[in-house]
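Below you'll find the structure, written out as structure tokens, and then a few comments.
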Amino acid sequence: MTCTGTANLRAAVIAALVAIAVVGGCRVMPSDGAFDWHSCGPGDGVAPAAIPTSVAHRVTCGRLIVELDPDDPGAGTVTLAVARLAAAGPSSGTLVMNPGGPGGSGVRALAGSAAVLASQPFSADHDVVSFDPRGVGASRPAVVCRTDAERDAERAMDLGLRSAAGIADIESHRRTVADRCRERVGADFLARVGTAYAVSDLEQLRRRLEVEEISYLGYSYGTRLGIEYAQRHPEHVRALILDGMVEPDEDPIDAVVEQMAGFQGAFDAFARDCATRSECPLGARPDRAVAEYRELVTPLIADPLLVGDRALSAGDAETATIDALYQRSRWAELRAALAALAGGDGSGLLRMADGYEGRDADGGYDHRQDAFLAISCADDRRIDDPERWDELDRRTRAAAPFGDDGRGTGQGPTGLCDYWTPADPLSGDVVGAELPPAAPTPLVVATTGDPATPYATGAAFAREVGADLITVSGHDHTAVFAGDRCIDDAVAGYLSDPTELPRDLTC
């Protein structure tokens, strides 16, 4: 899963930066009936080998055409990629999933998790459907702002210098990225890729599936889509599962700081675990782990480490570190890569950074990071006070010392979203986290040590809306259908009967 929220310090700072009302008489896109499902292939963004053979006969793909702008019927259309895991028997319900990001491909996520989903009891009589939101994955048009060469060059840049000249260079680069994206993708489309438009698309998907109600499971940033859909179309939501809550209307500066504090917590837990193992690259004293980590990474600022015909930068080392902190299962990989760095080998960290950035072995990039920027900038509130960028830089260094390269000056660059194409408001859009009475009682899943979506956010939302909360003890980012029977059985029971909630379960 892409995270899902912001995945590294540089991306966090960048990111800081519904649909029409369904009432009588509203026009909808003409429909040609049920989907023309077909075997998934490269054109759907899925390699056939990615689907386990045991369930391949149940996984199919399709296309959904929606209006670019529901408020402007003449503005053109968008084509969305859709995937389905068909129920094992006669279907009596539909679960729609979104993996988050923003920018994560729902089609690829469903294909990759099809075997796990098929093993859940509800899949006997539930179809599971996911889609690539507009601009994402195999949906078209796609948000592709930067060339492969530009992505490589950007990763080699020093984006941490906080002198007046350094900040000016960073802001100039961010302005260039925004300008290129506008030129290459088009301002009309960039203004219509936010969550409000994804809500409209999800409603069109429900209608095309020819079901009166859907159940919805959103991971991480996907929780925002679920909340906003339930706000606009509560009568069409049977069950609402929110795993790794993102507060829709949270101050973007506060959101980044809280997230970076979460990653510091995950780093500290990683360091404590590392200290119990022989030859830990961060040493045997967890209280010294941040200093030891910086001694490994900071020299890469001035002297990137050669890896074949490429080089590992400090930014890539930090990206790899934070990417690994999303899941405890990757701590061993991070430990080995840092140990290799201490011995002069940066290949492990570079490979991990490539995985996060979406770079393949041939040097080609997917466009998930461009989609992440576009959707984040469409959704986030603009920062009106320039001094808040200085505040962001200071607070993130204090919240996440492991990411502090020691070059803070009390000043910070303007966020990339300030140069971005403004989102075009959509009639009926809702701001805030309140749910209407007609919406089902949500089931919120929050992990105590989740680095990207803090536990406190999910717990607070559950209290505010009267949702039931599953508290998960651990350090992973999201938890549903990850193999914990305590969680999965409770979720399956809720899907079977949304009125039977697990009543504040701890797993």
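If you're wondering where the values come from, they're calculated on a predicted model, not measured in any experiment. FYI, side chains are in, hydrogens and waters are out, and symmetry mates aren't considered; it's all heavy atoms of this structure.
Residue Ile301 holds its CD1 atom at 9.5 Å from OG of Ser313, rounded to the nearest 0.5 Å. For the atom pair CD of Gln264 and OG1 of Thr396, the computed distance is 11.5 Å after rounding to the nearest 0.5 Å. Distance check, rounded to the nearest 0.5 Å: CD1 of Ile487 to OG1 of Thr478 gives 9.5 Å. A distance of 4.0 Å separates CD1 of Ile253 from CD1 of Ile383, quoted to the nearest 0.5 Å. Annotation: the span from Gln259 atom CD to Ile322 atom CD1 amounts to 8.5 Å, rounded to 0.5 Å. Here OH of Tyr419 is found 8.5 Å from OG of Ser172. Values are rounded to the nearest 0.5 Å.
Remark: side-chain polar atoms of Thr298 are paired, donor with acceptor, to backbone N or O of Arg294 under 3.5 angstrom. No donor-acceptor pair closer than 3.5 Å links the side chain of Asp379 to the backbone N or O of Gly194. Under a 3.5 Å cut-off, the side chain of Ser139 and the backbone N or O of Ala81 do form a donor-acceptor pair. A donor-acceptor pair under 3.5 Å is formed between the side chain of Thr319 and the backbone N or O of Gly315. Between the side chain of Asp345 and the backbone N or O of Ala340 there is no donor-acceptor pair closer than 3.5 Å. Under a 3.5 Å cut-off, the side chain of Ser130 and the backbone N or O of Met97 do form a donor-acceptor pair. Using a distance-only test at 3.5 Å, with no hydrogens or angles considered, no donor-acceptor pair links the side chain of Ser123 to the main chain of His126. Between the Asp360 side chain and the Gly364 main chain, a donor and an acceptor come within less than 3.5 Å of each other. One N or O on the side chain of Thr448 and one on the backbone of Gly474 form a donor-acceptor pair closer than 3.5 Å. In terms of modelled atom types and a separation under 3.5 Å, the side chain of His367 and the main chain of Ala142 share no donor-acceptor contact.
Side-chain atoms of Asp468 and Tyr494 form no donor-acceptor pair, as typed in the model, at a separation below 3.5 Å. A donor atom on one side chain and an acceptor atom on the other are not found under 3.5 Å apart for Thr176 and Asp179. For the 3.5 Å distance criterion, the side chains of Thr457 and Glu247 fail to qualify, holding no donor opposite an acceptor. Counting only N and O atoms by type, the side chains of His477 and Gln327 include no donor and acceptor under 3.5 Å apart.
In this structure, the side chains of Asp273 and Arg335 come closer than 4.5 Å at one or more pairs of heavy atoms. Side-chain contact check for Asp370 versus Val185: every heavy-atom pair is 4.5 Å or farther apart.
Here the shortest heavy-atom pairing between Ala479 and Thr447 reads CB-OG1, 4.1 Å. Between Ala324 and Leu334, the shortest heavy-atom contact is CB-CB, 3.8 Å. For Gly218 against Thr223, the heavy-atom pair with the smallest separation is O-CG2, 3.3 Å. Closest approach of Gly346 to Val307, counting heavy atoms only: C-CG2, 3.7 Å. Nearest heavy-atom pair across Ala467 and Val444 is CB-CG2, 3.9 Å. Closest approach of Met245 to Phe461, counting heavy atoms only: CE-CG, 3.5 Å.
Partner of Glu357 under the salt bridge (Lys or Arg N to Asp or Glu O under 4.0 Å) criterion, out of Arg151, Arg368, Arg146: Arg151 alone. Of the candidates Asp243, Thr471, Leu217, Asp243 is the only one forming a side chain to side chain contact (heavy atoms under 4.5 Å, CB included) with Val445.
Between Arg288 and Glu295, at least one side-chain nitrogen of the basic residue sits less than 4.0 Å from a carboxylate oxygen of the acidic one, meeting the salt-bridge criterion. A salt bridge links Arg381 with Asp251: the closest approach of a Lys/Arg side-chain nitrogen to an acidic carboxylate oxygen falls below 4.0 angstrom. Salt bridge present: Arg397 and Asp393 bring a charged side-chain N and a carboxylate O closer than 4.0 Å. A salt bridge between Arg359 and Asp366 is absent, with no side-chain N of the basic residue lying under 4.0 Å from a carboxylate O of the acidic one. Ion pair Asp476/Arg328 not flagged as a salt bridge, since none of the NZ, NE, NH1 or NH2 atoms sits closer than 4.0 Å to an Asp/Glu carboxylate oxygen. Taking 4.0 Å as the cut-off between side-chain N and carboxylate O, Asp354 and Arg310 count as a salt-bridged pair. Using a 4.0 Å cut-off between charged side-chain N and carboxylate O, Glu391 and Arg394 make no salt bridge. Look at Arg175 and Asp418 and you find no salt bridge, because none of the NZ, NE, NH1 or NH2 atoms lies under 4.0 Å from a carboxylate O. A salt bridge is absent between Arg162 and Glu171; no separation between the charged side-chain nitrogens and carboxylate oxygens falls under 4.0 Å. Ion pair Arg224/Glu228 flagged as a salt bridge, since at least one NZ, NE, NH1 or NH2 atom sits closer than 4.0 Å to an Asp/Glu carboxylate oxygen.
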Determine whether Phe263 and Phe402 satisfy the following criterion, ring-ring contact (aromatic ring centres under 6.0 Å, His included), listing intermediate values before the conclusion. CA-CA 9 Å; Phe263 278 109; Phe402 83 101; 7.5 Å; no

Taking it one step at a time, do Arg330 and Asp323 satisfy salt bridge (charged side-chain N to carboxylate O under 4.0 Å, His left out)? CA-CA 9 Å; Arg330 297 191 62 197; Asp323 189 35; 3.0 Å; yes

Apply the test ring-ring contact (aromatic ring centres under 6.0 Å, His included) to residues Tyr293 and Phe267: give CA-CA distance (whole Å), side-chain angles for both, the deciding distance (0.1 Å), then the verdict. CA-CA 10 Å; Tyr293 175 79; Phe267 180 88; 5.3 Å; yes

With salt bridge (charged side-chain N to carboxylate O under 4.0 Å, His left out) as the criterion, how do Arg407 and Asp158 come out once you've worked through the C-alpha distance, each side chain's angles and the decisive distance to 0.1 Å? CA-CA 12 Å; Arg407 295 186 290 169; Asp158 179 6; 2.8 Å; yes

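Legend: residues meeting side chain to side chain contact (heavy atoms under 4.5 Å, CB included) with Ser54, ordered by chain and number and at least two apart, are Pro52. Applying the side chain to side chain contact (heavy atoms under 4.5 Å, CB included) rule to Arg351 yields no partners; only residues at least two apart in sequence or on another chain are considered. For Asp148, the side chain to side chain contact (heavy atoms under 4.5 Å, CB included) partners two or more places apart in sequence, or in a different chain, are Tyr365. Contacts of Gln120 classified as side-chain hydrogen bond (donor to acceptor under 3.5 Å, both in side chains), with partners at least two apart in sequence or in another chain: none. With sequence neighbours left out, the side-chain hydrogen bond (donor to acceptor under 3.5 Å, both in side chains) criterion links Tyr216 to no other residue.
Relative ring orientation between Phe481 and Phe122 is described as tilted, the plane-to-plane angle lying within the 30° to 60° band. In this structure, Trp331 and His475 have tilted ring planes: the angle between them lies in the 30° to 60° band.
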Contacts table for residues 278-286: side-chain donor-acceptor under 3.5 angstrom, sequence neighbours left out:
unit_1: Arg285; atom_1: NE; unit_2: Asp287; atom_2: OD1; d: 3.2
unit_1: Arg285; atom_1: NH2; unit_2: Asp287; atom_2: OD2; d: 2.6

